[in-house]
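To start, the structure itself, in structure tokens.
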Amino acid sequence: MRTTAPRRRARRTLAGAGAAVVLLAGAVTGCSSGGSGDRGERGAQAAPRWNTAPASIAAVGDSITRGFDACSVLADCPEASWATGNDPAVRSLATRLLGDAEAPARSWNYAVTGSRMADLPGQLASAAAHKPDLVTVMVGSNDACRPTASSMTPVADFRTGFEKALADLRAASPASQVYVSSVPDLQRLWEQGKDLPMVRQIWKLGICQSMLADPLSATTGATARREQVRARVVEYNEVLREVCGKDALCRYDGGAVFQYPFAADQLSRWDWFHPGKDGQARLAELAHRQVTAAEPLR
């Protein structure tokens with residue numbers, strides 16, 4: 001028997017409605033059963049957030065972080081350290097973040113005078129044992145400050161050392177944040193003291209000869225040597241920036257220390273090369289500004 005047009009239209013309408021119900025039911029079933037789309041949303045993890053108020057700090061690095069020559073000649077002065085010291089004239093990063101009462105118990109300084117990048121993994125291993133909220137890193141000056149420019153640490157070795165050190169820290173203390181200071185501009189430090197006879201005599205004792213040897217010499221060789229050392233420092237800082245940039249919980253200072261115009265009165269009165277207490281205070285100020293910023297400063 002032939003179906004009338006109205007009946008055919010009715011059947012098509014019912015069929016379309018049924019299909020819509022089936023599709024809707026399938027969509028609902030897929031959501032409620034944890035389909036692939038739902039797993040994707042649940043499985044996605046938000047990137048770690050930088051904590052601007054860390055409750056514990058460990059410091060690693062070289063003589064600058066030990067406060068070398070800040071208080072007396074040829075001696076460490078950790079109480080004047082920009083990172084963990086308790087000298088009120090410096091107001092270290094630890095003091096600024098934790099307060100005078102908490103800083104001594106919640107901060108640790110594993111920096112060692114004379115250290116180079118090759119020494120960083122061992123220092124970070126000691127720091128990681130405390131599971132600190134924040135680790136400060138300032139290293140590289142001694143990799144450039146060698147007896148000769150040719151004996152400076154190769155850039156490739158510097159990179160390998162930093163990558164290993166940071167990877168080891170991540171394995172031992174995954175949640176620790178890392179603040180990485182740029183290497184200071186050693187040529188600027190040479191400029192501050194080269195014209196003072198007493199300073200030149202002190203530098204002859206062996207301080208950073210790759211930069212400070214023959215401080216008044218303007219020969220092509222001496223000028224090229226100083227420029228080579230400065231260029232190596234720039235390369236080290238680029239390594240620090242690149243490697244740190246691959247870690248969500250690492251913050252490089254954007255070259256703040258390298259660019260800071262240290263004046264003579266901010267340097268040690270014993271060697272005119274290491275930061276004195278005023279210079280240490282400036283380092284603490286720069287670090288505090290970076291660590292407490294909601295986003296990295298550039």
Side-chain angles (χ1 to χ4, degrees), residues 59-70 74-78 80-83 109-124 135-155 157-159 161-162 165 179-194 199 202-203 205-213 215 225-241 243-244 252-262 266-268 270-276 279-280 282-284 286-287:
V60 299
D62 52 31
S63 56
I64 296 178
T65 302
R66 290 300 297 176
F68 184 81
D69 269 3
L74 299 179
D76 288 348
C77 184
S81 168
W82 67 272
N109 192 323
Y110 289 104
V112 177
T113 293
S115 292
R116 288 183 273 170
M117 179 57 79
D119 302 303
L120 192 63
Q123 293 182 15
L124 283 177
V135 178
T136 67
V137 176
M138 182 181 285
V139 68
S141 292
N142 290 315
D143 291 273
C145 282
R146 307 300 299 150
T148 63
S150 61
S151 59
M152 292 187 294
T153 301
V155 177
D157 292 349
F158 190 85
R159 180 185 296 275
F162 189 41
Y179 164 76
V180 178
S181 166
S182 50
V183 183
D185 186 345
L186 304 180
Q187 190 172 47
R188 177 176 283 126
L189 301 180
W190 161 74
E191 292 169 349
Q192 291 300 318
K194 66 183 178 64
V199 174
I202 292 172
W203 286 355
L205 296 176
I207 299 175
C208 197
Q209 292 301 282
S210 58
M211 174 61 74
L212 302 182
R225 168 175 51 81
R226 296 185 198 110
E227 291 176 349
Q228 181 183 358
V229 174
R230 187 178 192 275
R232 183 62 56 89
V233 169
V234 170
E235 290 179 301
Y236 289 162
N237 283 334
E238 181 61 15
V239 168
L240 296 176
R241 185 192 68 80
V243 175
C244 181
Y252 174 62
D253 76 354
V257 170
F258 176 81
Q259 296 164 9
Y260 188 81
F262 285 100
Q266 294 172 327
L267 301 178
S268 166
W270 288 282
D271 66 23
W272 277 265
F273 188 74
H274 290 87
Q280 290 282 348
R282 301 290 73 75
L283 293 173
L286 292 173

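Keep in mind that what you see is a predicted model, and the values were worked out from it rather than measured. Note: hydrogens, waters and symmetry copies are ignored here, and every other heavy atom, side chains too, is used.
Smallest separation of non-hydrogen atoms from Leu124 and Ala165: CD1-O, 3.5 Å. The two residues Ser115 and Asp62 come nearest to each other via the heavy atoms O-CB, 3.7 Å. When all heavy atoms of Pro154 and Arg232 are compared, the pair lying nearest together is CA-NH1, 3.9 Å. Residues Ser182 and Ala256 come closest through the heavy atom pair OG-N, 3.8 Å. When every heavy atom of Met138 is checked against every heavy atom of Ser181, the shortest pair comes out as CE-OG, 3.1 Å. Counting all heavy atoms, side chain and backbone alike, Ala149 lies closest to Gln228 at CB-OE1, 3.6 Å.
Under the rule for a side chain to side chain donor-acceptor pair (under 3.5 Å), Gln192 has no partner lying at least two apart in sequence or in another chain. With sequence neighbours left out, Phe68 forms a ring pair (Phe, Tyr, Trp, His ring centres under 6.0 Å) with His274. Every residue two or more places apart in sequence or in another chain was checked for a salt bridge (charged side-chain N to carboxylate O under 4.0 Å, His left out) with Arg225, and none qualifies. Judged as a side chain to side chain donor-acceptor pair (under 3.5 Å), and not counting sequence neighbours, Ser210 has no contacts. Residues that satisfy the side chain to side chain contact (heavy atoms under 4.5 Å, CB included) test with Val233, not counting sequence neighbours, are Ala144, Val183, Leu186, Asn237, Phe258. By the side chain to side chain donor-acceptor pair (under 3.5 Å) test, Asp143 is found to be paired with Thr153, residues two or more places apart in sequence or in another chain being considered. Listed by chain and residue number, Trp82 satisfy the side chain to side chain donor-acceptor pair (under 3.5 Å) test with Thr65 (two or more places apart in sequence, or in another chain). By the side chain to side chain contact (heavy atoms under 4.5 Å, CB included) test, Ile207 pairs with Ile202, Trp203, Leu212, Asp271, Phe273, sequence neighbours left out. For the side chain to side chain contact (heavy atoms under 4.5 Å, CB included) test, residues two or more places apart in sequence or in another chain that qualify with Val239 are Val155, Phe158, Arg159, Val243. By the ring pair (Phe, Tyr, Trp, His ring centres under 6.0 Å) test, Tyr252 is found to be paired with no residue, residues two or more places apart in sequence or in another chain being considered. The salt bridge (charged side-chain N to carboxylate O under 4.0 Å, His left out) test applied to Glu191 returns no partner, not counting sequence neighbours. Listed by chain and number, the residues in a side chain to side chain contact (heavy atoms under 4.5 Å, CB included) with Gln259 amount to none (sequence neighbours excluded).
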Q | Pair Trp270-Leu74, side-chain contact (heavy atoms from CB on, under 4.5 Å): steps then yes or no | A | CA-CA 8 Å; Trp270 288 282; Leu74 299 179; over 6 Å; no
Q: Verify side-chain contact (heavy atoms from CB on, under 4.5 Å) between Asn109 and Arg66, making sure each step is shown before the conclusion.
A: CA-CA 8 Å; Asn109 192 323; Arg66 290 300 297 176; 3.6 Å; yes
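Classification of Arg230 and Glu227 as a salt-bridged pair fails, no side-chain N sitting under 4.0 Å from a carboxylate O.
Residue Arg226 qualifies as enclosed at atom CZ: its count of foreign heavy atoms under 6.0 Å is above 12.
Taking 4.5 Å as the limit, every side-chain heavy atom of Met117 sits out of range of all side-chain heavy atoms of Asp157. Using a 4.5 Å heavy-atom cutoff, the side chains of Pro184 and Ile64 are in contact. Counting heavy atoms from C-beta on, the side chains of Leu283 and Phe262 come closer than 4.5 Å.
No donor-acceptor pair closer than 3.5 Å links the side chain of Trp272 to the backbone N or O of Leu267.
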